[in-house]
Amino acid sequence: MAAEEEETFARMRQEMVDSTIRARGVSDAAVLRAMETVPRHRFVPEDYLGQAYADHPLPIGYGQTISQPYIVALMTESLDLEPGERVLEIGTGSGYQAAVLAELVDEVYSVEIIPELAESAARRLRELGYDNVRTKQGDGYYGWEEYAPFDAIIVTCAPDHVPQPLVNQLAEGGRLVVPIGPPGGYQTLWQYVREADGLKAYNLGGVRFVPLLREVPERPGE
Ligand code: SAH
């Protein structure tokens, strides 16, 4: 893509951070920097390029969406990440959230249930040089045992209860951010912190996510 175009996208990205993300209260400097850095336009379908930096979700095929930038920033901030940490994401989708995480920590693991999306996101992340992200196709309900424990886990699709395997794979002091609620409706975004004396829960407000699926859809919607 021409340098001029990249500059235009960089300006749009800065505007997105200033006018929505920062304006709506996300203040963690590292998170804001990551949002200013990741080229979101490389994660949206060609037809939606003009909306790449608008503050709403966009379709990515198979009935799935790339989340709204503000929500990506809010969830990322709620993970309280430190450089050097290891993070698990459930719901790779376009790979955008994984790239944002990869700007902030050493190791990112991401699981996607729809094989076509898992493959295209892996390719995209590789092309963009995010070599600290490891992806796999599978049901993220079970987490990724092989690389547990994780300092933080983010779920970008909505289960109707907290998957116990994810809690089990959380390090002590680890944070789990997950929207919980009925499929097709609104959910509550929760931050769970695994402390020595148990799991603490903090309500982060109402959100709307695609459901966490328990099997590969036979004919995923477009
Ligand atoms: N984080 C993504 C947003 C993806 S939308 C991004 O930045 O683009 C949620 C994704 O979760 C969809 O791609 C959907 O296919 C996936 N998903 C749904 N159920 C899942 C499951 N059980 N395990 C892993 N991924 C799942």
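Reckoned from all heavy atoms, side chains included, excluding hydrogens, waters and symmetry mates. Order of listing sets the numbers, starting from 1, for every ligand and every atom in it.
A cation-pi arrangement is present between R24 and Y70 under the rule of less than 6.0 angstrom and at most 45 degrees off the ring axis. By the 6.0 Å and 45° rule, R123 does not stack over the aromatic ring of Y130. Remark: R40 is positioned above the aromatic ring of Y96, its terminal NZ or CZ atom under 6.0 angstrom from the ring centre and at most 45 degrees off the axis.
Taking the six-membered ring for Trp and the full ring otherwise, Y141 and H161 have centroids separated by under 6.0 Å.
One side chain, T76 or Q97, offers a donor N or O that lies under 3.5 Å from an acceptor on the other.
The aromatic rings of Y53 and F9 sit tilted, their planes meeting at an angle between 30° and 60°.
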Kindly print each ligand 1 N/O atom paired with any protein N/O atom under 3.5 angstrom away, one pair per line, or none if nothing qualifies.
{"from": "ligand 1", "atom 1": "1 (N)", "to": "E89", "atom 2": "OE2", "distance (Å)": "2.8"}
{"from": "ligand 1", "atom 1": "1 (N)", "to": "G91", "atom 2": "O", "distance (Å)": "2.9"}
{"from": "ligand 1", "atom 1": "1 (N)", "to": "T156", "atom 2": "OG1", "distance (Å)": "3.1"}
{"from": "ligand 1", "atom 1": "7 (O)", "to": "Q97", "atom 2": "N", "distance (Å)": "3.0"}
{"from": "ligand 1", "atom 1": "8 (O)", "to": "S94", "atom 2": "N", "distance (Å)": "3.0"}
{"from": "ligand 1", "atom 1": "8 (O)", "to": "S94", "atom 2": "OG", "distance (Å)": "2.6"}
{"from": "ligand 1", "atom 1": "13 (O)", "to": "E112", "atom 2": "OE1", "distance (Å)": "2.7"}
{"from": "ligand 1", "atom 1": "13 (O)", "to": "E112", "atom 2": "OE2", "distance (Å)": "3.4"}
{"from": "ligand 1", "atom 1": "15 (O)", "to": "E112", "atom 2": "OE2", "distance (Å)": "2.6"}
{"from": "ligand 1", "atom 1": "19 (N)", "to": "L213", "atom 2": "N", "distance (Å)": "2.8"}
{"from": "ligand 1", "atom 1": "22 (N)", "to": "D139", "atom 2": "OD1", "distance (Å)": "2.8"}
{"from": "ligand 1", "atom 1": "22 (N)", "to": "L213", "atom 2": "O", "distance (Å)": "2.6"}
{"from": "ligand 1", "atom 1": "23 (N)", "to": "G140", "atom 2": "N", "distance (Å)": "2.7"}
{"from": "ligand 1", "atom 1": "25 (N)", "to": "I113", "atom 2": "N", "distance (Å)": "3.2"}

